[in-house]
*Asks:* 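Sharing a structure here in structure tokens format.
A quick note: this is a predicted structure, and the numbers were derived from the prediction, not measured. These values consider heavy atoms only, across backbone and side chains, with no hydrogens, waters or symmetry-generated copies.
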Amino acid sequence: MEKITGKIEVEQSFLEKNLRSFKNIAKLKAAIEAAIEGDLTMLIKNIMAGSIQLDSSDLHLETNESGSLLRIRVDGLLQTVCTFTQPQHQAIVSRIKLLSGLKLNIEKKPQDGRFTVLFSSEEAGDQEIEIRVSTLPAEYGETVVMRVLNPKSLISLEELGLRKDLYEIFEKQSQKPNGMIIVTGPTGSGKTTTLYAFLKKIRNPEINIITLEDPIEYHLAGISQTQVDATRGYDFASGLKSIVRQDPDVILVGEIRDLETASIALQSALTGHLVLSTLHTNDSTGTIARLQSLGENPVNIAPAINMIVAQRLVRKLCPKCMGLEKISEKDFAEIKQGLSNLGSQVILPELTLETQIGVPKGCEYCNFTGYKGRVGIFEAFLIDDELEEFILTSPSSSALQKMAVEKGLVLMKQDGMIKVLEKVTTLEEVIKAAG
């Protein structure tokens with residue numbers, strides 16, 4: 001793990017003085033521009049404190065011919081904050097590299113580091129937020145991307161936004177003593193959040209939980225967390241071999257990337273361990289084909305996997321300015337058709353031509369976007385005896401999905417449509433995320 005060398009302290013008095021400046025992007029921009037000509041430490045503090053207060057997940061400092069551009073990612077979308085001149089950019093990058101323990105004289109090679117932002121408030125006390133820093137040489141200087149690892153992102157299984165029937169499935173699967181749970185989706189779809197939610201549900205003093213991550217993003221008490229280090233030959237495969245000799249009950253493997261890691265993880269699931277991991281696939285049923293493409297045998301895959309979860313993130317409608325309007329005939333027809341094959345286990349909100357759905361409006365609280373925060377849309381593919389036998393025949397992903405749907409699989413898009421009827425999000429968001 002990168003050494004955390006620097007710390008920015010954000011005191012209660014600083015927050016009280018500047019809180020109004022951090023309410024939206026426009027005010028953050030004004031606060032940063034007011035601090036540009038002053039103390040560099042205060043400028044960095046404004047950037048970091050404001051971005052965290054706006055619940056951003058990433059900060060981008062991108063170079064161009066005239067200087068650089070600061071953008072922050074809020075609810076999955078990048079938003080421009082302000083610009084800096086070339087000298088200002090150089091000064092900011094140097095201070096960030098110093099905080100992160102990076103070498104100031106290396107500008108032509110990528111570097112990775114970390115630093116900490118310490119928030120001190122009367123309500124929450126002292127709260128440490130780690131910032132993961134990545135620098136990259138570009139045409140006009142170094143670009144910097146900072147990932148905000150805010151502990152408040154560590155939510156419980158109950159807070160994931162699951163349907164009642166889906167929550168019961170997740171809870172039941174998390175209590176199984178062995179087998180594998182795989183969470184799939186593209187980068188930025190919330191896979192890590194879901195895995196940590198499982199760990200929070202599972203952990204207790206009577207079981208040994210060990211994780212193998214790249215890198216360790218959040219710290220959980222009562223769990224042994226390890227980080228891969230390719231420079232020392234400690235990768236997922238070799239790390240997993242070591243972990244199984246540590247008498248674990250539950251193993252979390254950050255990502256399955258190759259055949260060796262897949263084989264050890266599947267064997268661990270077959271020999272009395274509960275294994276949690278992630279894989280990059282488009283949907284839950286495509287996971288089987290992905291494991292086979294790595295070179296794994298269906299004979300090992302089918303009996304080892306208990307559940308595959310596929311997910312995406314959609315923006316939630318802002319609770320302070322959300323409007324309501326009668327559903328259009330087009331949306332009514334699309335949702336009615338999309339939910340037509342769901343079984344009785346799913347409780348559906350009422351859907352008629354008089355049904356009202358939420359629409360985005362925009363206010364200061366949501367940066368005038370109409371959306372605030374994100375929620376997952378999920379599909380959970382459970383492997384029973386019949387599906388296990390079917391997987392042994394190496395079926396196509398489409399054939400496997402068809403059979404899973406017949407057995408009650410609720411697709412991500414369908415889960416999203418239910419959230420539209422519950423006024424959580426919009427159909428546009430669901431289509432953008434799930435197709």
Side-chain angles (χ1 to χ4, degrees), residues 75-77 160-170 183-186 189-190 194 281-289 307-318 322-361 370-371 373-384 386-387 390 395-435:
D75 294 337
L77 299 179
L160 284 178
L162 302 168
R163 303 186 314 272
K164 184 175 183 294
D165 63 294
L166 195 54
Y167 171 75
E168 291 170 355
I169 291 171
F170 277 34
V183 182
T184 76
S189 59
T194 299
T281 61
N282 288 327
D283 52 36
S284 58
T285 51
T287 300
I288 307 300
M307 177 175 70
I308 303 167
V309 178
Q311 67 179 76
R312 299 288 189 278
L313 293 177
V314 295
R315 291 185 295 169
K316 295 193 294 184
L317 285 161
C318 175
M322 176 184 69
L324 293 175
E325 66 178 31
K326 193 167 70 170
I327 192 169
S328 68
E329 290 188 15
K330 178 178 175 291
D331 288 352
F332 171 80
E334 185 168 354
I335 294 176
K336 186 176 179 63
Q337 172 65 28
L339 301 179
S340 61
N341 66 341
L342 294 188
S344 59
Q345 81 279 7
V346 182
I347 300 173
L348 292 176
E350 183 182 18
L351 175 60
T352 69
L353 283 169
E354 299 302 314
T355 295
Q356 288 194 318
I357 57 174
V359 292
K361 294 291 187 181
Y371 298 93
R374 290 188 292 173
V375 68
I377 55 174
F378 303 88
E379 64 183 47
F381 174 39
L382 296 171
I383 299 180
D384 59 15
E386 188 179 354
L387 280 165
F390 191 49
S396 66
S397 295
S398 57
L400 191 57
Q401 185 180 84
K402 183 180 178 182
M403 184 174 182
V405 168
E406 289 172 356
K407 295 176 73 67
L409 174 67
V410 179
L411 301 175
M412 274 185 295
K413 189 172 182 180
Q414 293 174 320
D415 186 39
M417 287 176 170
I418 293 170
K419 286 182 168 64
V420 172
L421 296 180
E422 292 172 340
K423 303 176 182 65
V424 174
T425 188
T426 62
L427 190 58
E428 290 75 19
E429 280 290 303
V430 173
I431 291 171
K432 187 168 67 174

*Asks:* Could you walk me through whether T287 and F381 pass the side-chain contact (heavy atoms from CB on, under 4.5 Å) check?
*Replies:* CA-CA 10 Å; T287 300; F381 174 39; over 6 Å; no
*Asks:* Is there a side-chain contact between L342 and I418 in this structure, where contact means two heavy atoms from C-beta onward sitting under 4.5 Å apart?
*Replies:* yes
*Asks:* Would I288 and L400 count as a side-chain contact (heavy atoms from CB on, under 4.5 Å) here? Give the steps.
*Replies:* CA-CA 9 Å; I288 307 300; L400 191 57; 3.6 Å; yes
*Asks:* Can a donor-acceptor pair be found, under 3.5 Å and without considering hydrogens, that links the side chain of K164 to the backbone of I347?
*Replies:* no
*Asks:* Do you know which two heavy atoms are closest between G190 and L313, and how far apart they sit?
*Replies:* N-CD1, 3.9 Å
*Asks:* If you take all heavy atoms of T352 and I327, which pair is closest and at what distance?
*Replies:* O-CG2, 3.6 Å
*Asks:* First locate atom NZ of K361, then atom CE of M322, and finally report the distance between them rounded to the nearest 0.5 Å.
*Replies:* 11.0 Å
*Asks:* Specify the closest pair of heavy atoms between P395 and F390, including all atoms of both residues, with the distance to one decimal.
*Replies:* CD-O, 3.2 Å
*Asks:* What heavy-atom pair brings T184 and D283 nearest, and what distance separates the two atoms?
*Replies:* OG1-O, 3.8 Å
*Asks:* What closest approach, in Å, do M417 and L427 show between heavy atoms, and which atom pair accounts for it?
*Replies:* CG-CD1, 4.2 Å
*Asks:* Decide yes or no for V410 and L166: does some side-chain heavy atom of the first lie under 4.5 Å from some side-chain heavy atom of the second?
*Replies:* no
*Asks:* Side chains of R312 and F378: does their closest heavy-atom pair fall under 4.5 Å?
*Replies:* no
*Asks:* Spell out, as yes or no, whether a donor-acceptor pair under 3.5 Å connects the side chain of Q414 to the backbone of G338.
*Replies:* yes
*Asks:* Can you name the closest pair of heavy atoms from E379 and S284 and give their distance?
*Replies:* OE2-OG, 2.7 Å
*Asks:* Using the test side chain to side chain contact (heavy atoms under 4.5 Å, CB included), find all partners of E329 that sit at least two apart in sequence or belong to another chain.
*Replies:* L353
*Asks:* Given side chains that start at C-beta, do those of E354 and K326 come closer than 4.5 Å, heavy atoms only?
*Replies:* yes
*Asks:* Give a yes or no on whether the backbone of G373 and the side-chain of D75 come within a donor-acceptor separation of less than 3.5 Å.
*Replies:* yes
*Asks:* So V375 and R315, do their side chains get closer than 4.5 Å, heavy atoms only?
*Replies:* no
*Asks:* If I take atom CD1 from residue I377 and atom OG1 from residue T425, how far apart are they, to the nearest 0.5 angstrom?
*Replies:* 8.0 Å
*Asks:* Could you please spell out the steps behind the side-chain contact (heavy atoms from CB on, under 4.5 Å) verdict for L339 and L348?
*Replies:* CA-CA 9 Å; L339 301 179; L348 292 176; 4.1 Å; yes
*Asks:* Do T355 and E350 have side-chain atoms, one donor and one acceptor, less than 3.5 Å apart?
*Replies:* no
*Asks:* State, yes or no, whether a side-chain contact exists between E334 and I431 at a heavy-atom distance under 4.5 Å.
*Replies:* yes
*Asks:* Distance from M307 atom CE to L382 atom CG, nearest 0.5 Å?
*Replies:* 6.5 Å
*Asks:* Are more than 12 heavy atoms from other residues, nucleotides or ligands located less than 6.0 Å from atom CG of D331?
*Replies:* yes
*Asks:* Checking N341 against E406: is there a side-chain donor and acceptor pair closer than 3.5 Å?
*Replies:* no
*Asks:* Between Q311 and S189, is any side-chain donor less than 3.5 angstrom from a side-chain acceptor?
*Replies:* no
*Asks:* Take V346 and R163 through the test side-chain contact (heavy atoms from CB on, under 4.5 Å) and record every step on the way to the result.
*Replies:* CA-CA 8 Å; V346 182; R163 303 186 314 272; 4.1 Å; yes
*Asks:* Among all residues two or more places apart in sequence or in another chain, which pass the salt bridge (charged side-chain N to carboxylate O under 4.0 Å, His left out) test with K407?
*Replies:* D384, E386
*Asks:* Evaluate salt bridge (charged side-chain N to carboxylate O under 4.0 Å, His left out) for K432 paired with E429, printing each intermediate quantity in order.
*Replies:* CA-CA 5 Å; K432 187 168 67 174; E429 280 290 303; 3.1 Å; yes
*Asks:* Taking atom CG as the centre, does L324 end up with more than 12 heavy-atom neighbours from other residues, nucleotides or ligands that are less than 6.0 angstrom away?
*Replies:* yes
*Asks:* Quick check: do K419 and V430 have side-chain heavy atoms less than 4.5 Å from each other?
*Replies:* no
*Asks:* Is any side-chain heavy atom of T426 less than 4.5 Å from a side-chain heavy atom of Y371?
*Replies:* yes
